[in-house]
Amino acid sequence: MAERGRPTDFKPAYGEEILQLMATGLSLAAAAAELGIHRQRVYEWEEAHPEFADTIKLARSKRQLFLERRLLSADQGPVVTSSIFALKNAAGEDWREKITQEHTGEGGGPVVFQTIYEGKT
């Protein structure tokens with residue numbers, strides 16, 4: 001039985017084109033737009049095509065490389081600021097400012113909760 005639905009407009013060459021565009025600092029959405037496709041379509045193709053998904057992962061890394069090199073060579077405050085902002089959003093695992101807080105009870109034990117009722121019981 002033939003598949004129903006809209007025929008795919010996927011072309012394996014899109015992966016390499018997106019990789020090249022993102023290596024210049026473009027986001028995935030901007031790279032997709034440059035090719036005349038929507039970012040959501042790229043996400044769908046990532047799910048359906050493992051080799052394409054690997055290329056997109058590499059493209060994200062290439063964008064991070066571009067942004068880090070731009071940051072390291074920056075000599076103006078606005079370039080530094082915009083590069084850091086872009087890296088926090090594009091490469092959160094490496095660049096986010098994460099604050100972790102833990103709460104413990106007495107002696108490092110669990111926190112003990114006590115319910116107190118006011119009025120009649």
Side-chain angles (χ1 to χ4, degrees):
M1 177 176 232
E3 285 188 40
R4 294 184 180 256
R6 180 177 156 184
T8 184
D9 49 356
F10 173 74
K11 296 175 188 163
Y14 280 148
E16 187 60 34
E17 292 178 56
I18 290 171
L19 178 96
Q20 296 303 317
L21 290 165
M22 290 184 73
T24 67
L26 291 181
S27 66
L28 179 61
E34 184 71 23
L35 299 176
I37 52 181
H38 189 278
R39 167 181 46 197
Q40 185 59 41
R41 179 84 56 212
V42 175
Y43 296 151
E44 292 167 6
W45 294 339
E46 278 185 287
E47 288 290 319
H49 305 282
E51 286 183 26
F52 180 78
D54 286 344
T55 302
I56 297 303
K57 287 176 187 171
L58 179 58
R60 288 183 176 111
S61 294
K62 292 279 189 174
R63 179 175 187 233
Q64 181 177 346
L65 175 63
F66 171 87
L67 292 169
E68 288 185 16
R69 283 186 173 154
R70 184 176 77 172
L71 174 63
L72 292 171
S73 65
D75 60 356
Q76 296 178 9
V79 175
V80 170
T81 302
S82 65
S83 297
I84 291 170
F85 180 79
L87 283 162
K88 285 181 180 182
N89 287 290
E93 289 182 18
D94 295 327
W95 282 88
R96 73 174 170 227
E97 293 179 25
K98 182 178 178 183
I99 298 172
T100 304
Q101 295 180 352
E102 288 189 30
H103 299 281
T104 59
E106 190 174 325
V111 175
V112 177
F113 293 93
Q114 181 179 13
T115 304
I116 300 173
Y117 293 99
E118 291 184 21
K120 297 181 182 179
T121 54

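Just so it is clear, the model here is predicted, and its values are computed rather than measured. Reckoned from all heavy atoms, side chains included, excluding hydrogens, waters and symmetry mates.
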Item to check | Minimum heavy-atom distance between Val79 and Ser83, given as atom pair plus value | outcome: O-OG, 2.7 Å

Does any non-hydrogen side-chain atom of [Y] lie less than 4.5 Å from one of [X]?
{"X": "Glu16", "Y": "Leu19", "result": "yes"}
{"X": "Ile56", "Y": "Trp45", "result": "no"}
{"X": "Glu44", "Y": "Glu47", "result": "no"}
{"X": "Thr55", "Y": "Ile18", "result": "no"}

At what distance, to the nearest 0.5 angstrom, does [atom1] of [X] lie from [atom2] of [Y]?
{"X": "Gln20", "Y": "Glu34", "atom1": "CD", "atom2": "CD", "value": "13.0 Å"}
{"X": "Glu46", "Y": "Asp54", "atom1": "CD", "atom2": "CG", "value": "9.5 Å"}
{"X": "Ser27", "Y": "Leu21", "atom1": "OG", "atom2": "CG", "value": "10.0 Å"}
{"X": "Leu71", "Y": "Arg69", "atom1": "CG", "atom2": "CZ", "value": "13.0 Å"}

Next on the checklist: Between Arg63 (side chain only) and Gly25 (backbone N and O only), is there a donor and an acceptor less than 3.5 Å apart?
Outcome noted: yes

Checklist entry - Hey, which of Tyr43, Phe10, Tyr14 is the one that makes ring-ring contact (aromatic ring centres under 6.0 Å, His included) with Phe52? => result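 Considering Tyr43, Phe10, Tyr14, a ring-ring contact (aromatic ring centres under 6.0 Å, His included) with Phe52 is found only for Phe10.
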
Under 3.5 Å, which donor-acceptor pairs link side chains of residues 85-96 to any protein atom two or more places apart or in another chain?
unit_1 : atom_1 : unit_2 : atom_2 : d
Lys88  : NZ     : Glu97  : OE2    : 2.4
Asn89  : ND2    : Phe85  : O      : 2.9
Asp94  : OD2    : Gln64  : NE2    : 2.9
Trp95  : NE1    : Glu68  : OE2    : 3.0

Checklist entry - Under a 4.5 Å side-chain heavy-atom rule over Ile, Leu, Val, Met, Phe, Trp and Tyr, are Val42 and Leu58 clustered together? => result no

Checklist entry - Is there a path from Val80 to Phe66 through hydrophobic residues (I, L, V, M, F, W, Y) whose side chains come within less than 4.5 Å of each other? => result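 Cluster IDs for Val80 and Phe66 match.
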
